[in-house]
There are 2 protein chains.
Amino acid sequence: MEEQKIRNMEEFSAVSGISRPTISKYFNDPSSVRRSTRERIEEAIARYGYRPNLFAINQNRKFTKNIGIIVPHIVDPFYAEIVRQIETRCVEAGYWAIVLGSHGDAERELSAIEMLYSLRIAGAIIAPLGDTSVSDRIRQLAADIPAVIFDNHMNGDEIFVGTDNFQSVGLMVDYLCRSGEPPCFLDMPAVNTNARERREAYVRAMEEQGFEPHVIPAESAGWDFEELGYNAGLRLLPTHQLPTNTVLCANDRMAIGLIAAAFEKGLRVGRGAATALRVAGHDDHPMARFTAPALTTVAQDYVSIAENSVSTLFGMIEDGVRPSSPLRRLEGRLILRASA
Amino acid sequence: MEEQKIRNMEEFSAVSGISRPTISKYFNDPSSVRRSTRERIEEAIARYGYRPNLFAINQNRKFTKNIGIIVPHIVDPFYAEIVRQIETRCVEAGYWAIVLGSHGDAERELSAIEMLYSLRIAGAIIAPLGDTSVSDRIRQLAADIPAVIFDNHMNGDEIFVGTDNFQSVGLMVDYLCRSGEPPCFLDMPAVNTNARERREAYVRAMEEQGFEPHVIPAESAGWDFEELGYNAGLRLLPTHQLPTNTVLCANDRMAIGLIAAAFEKGLRVGRGAATALRVAGHDDHPMARFTAPALTTVAQDYVSIAENSVSTLFGMIEDGVRPSSPLRRLEGRLILRASA
DNA sequence: CTAAAAAATTTTCGCGCGTAAAAATATTGA
DNA sequence: TCAATATTTTTACGCGCGAAAATTTTTTAG
């Protein structure tokens, strides 16, 4: 890289000997200029290290190349992993992914949405919190801008990609009933639609199998699922309040907490003969392989969720086509490990 | 909110009856306008829902209100948590935090740095990967723009906030030696300075205690620490290759993997009488409370790291003062749980 | 009540780039 | 070779706001 600092496209145009509009065209779409020109520009970029100012680029463009992403919790590896997948795909397609977290707080989710507006995004991919008042705002956004909702359905006509809880939970209930005592269900706080759907799916699946469902309600609100599962374990396990020796948890993070509590109380978890408790989860959380024992769960297809969200969104942005079926429910995959 | 859509500050000025420059001043610093004016503006904001265009704001500002943040892995809850802390503090101070992940890849880290340049950030907070070639670029950035490095020291004169590995590891070694067999050390891949420092700290601490150090080298590279710890466990535990019954892991994520392997191999982990193995970690990873048994570790002070990084950076940005001592080494805190 | 100080307004300019239209040049095919 | 086409250059404007200077209005102090 030469020592000369290029301050703007004008100067870059001067040193590279190519007119500014052509350079502008190149940065918008390298394939839109002749090959020989492209090579000259790229050579100059390598020499002078110029990159256009992002703010100026988006200032005057009719449609920006920004994709807004909102998730409830970036700290949750489940969302972190999906965001990573989405991000990579956006960058590959020449877009810039702007990730905003609502941190479990409806107000911050609202302000994240306002932020997306002022960023003039081309499209949005959102995993909503459960708050109904914000849902209206998200629906408004989806009416104004191409938007895909994932993970948590808002029960409207939004374009949605997520796991089919009835299929995935059904699969697990079926397996657990066939391989041992029918499970009870450790519910998660009603933070979103998934919570309700999974509970309903559990009840329905149990009834279909001819067993009576037992739902253990969540004792407190919030997103600290490991903590909740752990506390539930400390509360229920010593006093043998569980209706069966098999617990299906509403998600893996609760299962992780429950397993920790069981260990602490000296109860062996697993599907062997000498075990006191079987525990199953849902999601195939990145940590599920490393619990003791490793967690039997239903895998949400991270890659497909990301892929579907992104490709659907790009279809809407670039070709203006709404997907024929707005609802895309992906199948969960049973992951058998040692815990159940 | 009224139905009328405000398209820019000019229109907002018209409907609110306040001149555009005053409104501009307000958005830059609400306290810079008279109280009565402020109230009128805020009333109008509530009525019309106007927010200035972010790209236009930053387009022409001498110093933007953007803070760039780069971390090796957003998926790692350790970084995720620190980022969340930093983010919150930036927003509170009226800045916008732009988080970029290098995903363990030096090239992506480089392009993240280029991105920060084109975002015209006011300052940067960076947890570098270990790659030396990129370090030069980061040093260049730090010369151009106020920047704070955290977590992983680059061995230059950069402004740094991080845990004092010699203190924290020393603390743990001391505890382990006093409470049972002296530990061996399960090393992590040499992805950064922390890896080297912690190993050296272990060796030094053992020698000071008069014991012979035993370092188990990392068998492969990469950031999949749980996997590495797990594989090391599967390899070493059944054949009793460990020099002692106590393992100090270079970080919690490796310890989590090791504990999972021990469980799978039927070895009881813990500090009780009937246990075969003691395992300790480093970092107090969010998941460390929920391993089975819960993990004894040294807590890195997430809050202080975030706080120190942010306040140091703001000092440099707003008052132009370099901190008197560029190196800030925070103390680790011993967290005794059941695993050792 | 008046002068001084503080705050708000008016005016004007420019940031770095996208974009459109017209003119000039280069490439392609027959 | 020349016309037809593709590409680049020239020229010109505007996006939405920050910022500075000069002016007017409001507030505060004496």
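Sequence lines set the chain letters: A, B, ... in the order given, protein chains first and strands last, and positions in each chain run from 1. All values derive from a computational prediction rather than experimental measurement.
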Q: State which of dG18(C), dT10(D), dC17(D) makes the closest approach to the side chain of Ser19(A).
A: dT10(D)
Q: Would you kindly check whether a donor in the side chain of Arg20(A) faces an acceptor in the base of dG16(C), or vice versa, at under 3.5 angstrom?
A: no
Q) Any chance the side chains of Glu11(A) and Tyr48(A) put a donor and an acceptor closer than 3.5 Å? A) no
**Q.** Nucleotide dC17(C), atom P - distance to CG of Asn53(A) in whole Å
**A.** 6 Å
Q: Grab the CZ-P distance between Arg51(A) and dG16(C) for me, whole Å please.
A: 17 Å
Q. So what does Pro21(B) touch, heavy atoms closer than 4.0 Å: a base, only the sugar-phosphate, or nothing?
A. base
Q.
Without decimals, in angstroms, what is the distance between Tyr26(B) OH and dA7(C) P?
A. 17 Å
(Q) Taking the minimum atom-to-atom distance to the side chain of Thr37(B), which one of dA8(C), dC17(D), dT9(D) wins? (A) dA8(C)
Q: Of all the heavy-atom pairs spanning Met154(A) and Arg139(A), show the shortest one and how long it is.
A: O-NH1, 3.5 Å
Q: Grab the CZ-C1' distance between Phe27(A) and dT8(D) for me, whole Å please.
A: 17 Å
Q: Measure from CZ on Arg38(A) to P on dT7(D) and round the result to the nearest Å.
A: 11 Å
Q) What does Asn58(B) touch in the nucleic acid at a heavy-atom separation under 4.0 angstrom: a base, only the sugar-phosphate, or nothing? A) nothing
(Q) Rounded to whole Å, please give me the gap between CG in Asn28(A) and C1' in dA20(C). (A) 14 Å
Q | Nucleotide dG18(C), atom P - distance to NZ of Lys65(A) in whole Å | A | 12 Å
Q: For Phe55(A) and dC15(C), give me the distance from atom CZ to atom C1', rounded to whole Å.
A: 13 Å
(Q) Can you confirm whether the side chains of Tyr50(A) and Asn8(A) place a donor and an acceptor under 3.5 Å from each other? (A) no
Q: Return the 5'-most residue of the pair Arg35(B), Gln59(B) with respect to DNA chain C, ranking by each residue's nearest nucleotide.
A: Arg35(B)
Q) Thinking salt bridges, do Arg51(A) and Glu114(B) make one under a 4.0 Å N-O criterion? A) no
Q | Selection from dC17(C), dA8(C), dC17(D) that lies nearest to any side-chain heavy atom of Thr22(B) | A | dA8(C)
Q: Side chain of Ser24(B) only, please: which of dT8(D), dG18(D), dG16(C) is the nearest?
A: dG18(D)
Q: Could you work out which one of dA8(C), dT8(D), dT9(C) sits closest to the side chain of Arg34(A)?
A: dT8(D)
Q) Among side-chain atoms of Ser135(A) and Thr132(A), is any donor-acceptor pair under 3.5 angstrom? A) no
